[in-house]
2 protein chains.
Amino acid sequence: MGYHHGNLRDALLDRAEQVLATDGVDGLSLRALARDLGVSHGAPARHFRDKQALLDALALAGFRRLEEALAACPGNWSDRLRGIARTYLDFAAANPALLAVMYDVKHHPEASDALRAEAERGLGQVVDAVRDGQRAGGVVDGDPGELATALFAAVHGVVQLALGNLLEPDETDRALVTVLTISLRGLSPSPGPARPAG
Amino acid sequence: MGYHHGNLRDALLDRAEQVLATDGVDGLSLRALARDLGVSHGAPARHFRDKQALLDALALAGFRRLEEALAACPGNWSDRLRGIARTYLDFAAANPALLAVMYDVKHHPEASDALRAEAERGLGQVVDAVRDGQRAGGVVDGDPGELATALFAAVHGVVQLALGNLLEPDETDRALVTVLTISLRGLSPSPGPARPAG
DNA sequence: ACTCCAATGTAGGCATCGACAACTTAGGTA
DNA sequence: TACCTAAGTTGTCGATGCCTACATTGGAGT
């Protein structure tokens, strides 16, 4: 532990994620991170040319962790779809500020590509489940990517409303269930009788 | 035009919305606004105690305009639901940065309440249409608020993905149509045969 | 084992910003 | 007409992001 830190980059990311969780993205400053790590205010620039570059790295790591969690959802296609939705919502609730950073608009172009690619892989989980659903006769014909995108978007909407504090926790849970119920029924080739919500 | 501007508050909001549209929320600074309006850097504080207070006012105005646009959607319940979705997406595409401010998490508590109330009124448009749909026999029984929230969330998800540049423009349009198709089919008491997407 | 260089960290400085405080102006009202 | 308060001004402070010039050091290549 002398002049050179040894692993500043990872240390910065770790600390940044802590700060993000406690103080939100506005509480995040490169200089404060440097202070926290006992390093000069110019050091972070050696690893992230920008503050945005750090946020991009944070976002990328977030997508990877999310995707990992989604991939761990077990069961048949229907279970997996519901599990993915639930897992996504839980992840968002546990890391609200991170999610905001992940979906932020102002990434650097290169990072933006990487982020899109990573998000695409996450969507892949949904596509696979939808395809399985089609094979099992539980999902209508049609481009699986198209259907999966729509399904993911619907869940994403609930998550975003929850993050924006526009839904109370209990409202959020009900909304997720309702969205899933409606969507899966809408996707079914032969929907059964409706079970009223509420 | 002397010492007192006369209508600084409105002027600030107007200019702020311009800057928001051109430079995004990061390009927005109270001092720059003051400069643009030929006023000292301390003047804005007389009308907005905070930068956040200005953003809150911007967000509130945005919700009002959005709601106004949504209320103007004509037709029967089905037309209105589709029109509302389209209008929402168009509004978002035309004012991406504004929408981000509207759904930002870090509002002042008082403003937050006002914003929630305004958003609630916007949702009211959807609730009304859903209720009409139920009366017309096109929507299943159940709490209209619950169903409307789910429907709005689904559309909101598409909008948010579009704003995050995770959907190309043409993908966005298709996703909106698919979400609506799936959701309205899922809401129907007796869904007809599926029409494959794509 | 020695040299050197590129990666990494330091130090200082600059422009900008948001917020605050003290002061000034003027428009409306008692 | 006097004044009082809303609105605007000026100055300042601390913090931040970013840039440039400089220092250190570990390790690659001989």
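Residue numbers start from 1 in every chain, and the chains themselves are labelled A, B, ... in the order their sequence lines are given, proteins ahead of strands. Basis for what follows: all heavy atoms, side chains included, without hydrogens, waters or symmetry-related copies.
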Strictly by modelled atom types, are B:Arg131 and B:Gln134 linked by a side-chain donor-acceptor pair under 3.5 Å? no
Distance check needed: [N] [atom2] versus [X] [atom1], whole Å only.
X	N	atom1	atom2	value
B:Leu33	D:dG8	CG	P	14 Å
A:Arg9	C:dG9	CZ	P	12 Å
A:Leu55	D:dT16	CG	P	15 Å
A:Leu12	C:dT8	CG	C1'	12 Å
B:Asp26	C:dC17	CG	C1'	13 Å

Determine the contact category for B:Arg35: base if any of its heavy atoms lies under 4.0 Å from a base atom, sugar-phosphate if only primed atoms, P, OP1 or OP2 are that close, otherwise nothing. sugar-phosphate
Have a look at A:Gly6 and say if it touches a base, only the backbone sugar-phosphate, or nothing, with a 4.0 Å heavy-atom cut-off. sugar-phosphate
Side-chain ion pair, B:Glu118 and B:Arg121, N-O less than 4.0 Å: yes
Do NZ/NE/NH1/NH2 and the carboxylate oxygens of B:Lys106 and B:Asp56 come within less than 4.0 Å? no
Can you list everything that forms a salt bridge (Lys or Arg N to Asp or Glu O under 4.0 Å) with B:Arg80? Sequence neighbours excluded, please. B:Asp132
Listing time: all N or O pairs from protein to nucleotides 19-21 of chain C that are below 3.5 Å?
unit_1 : atom_1 : unit_2  : atom_2 : d
C:dA19 : OP1    : B:Asp50 : OD1    : 2.8
C:dA19 : OP2    : B:Lys51 : N      : 3.1
C:dA19 : N6     : B:Arg31 : NH1    : 3.2

ILVMFWY network linking B:Phe48 to B:Leu60, side-chain heavy atoms under 4.5 angstrom: yes
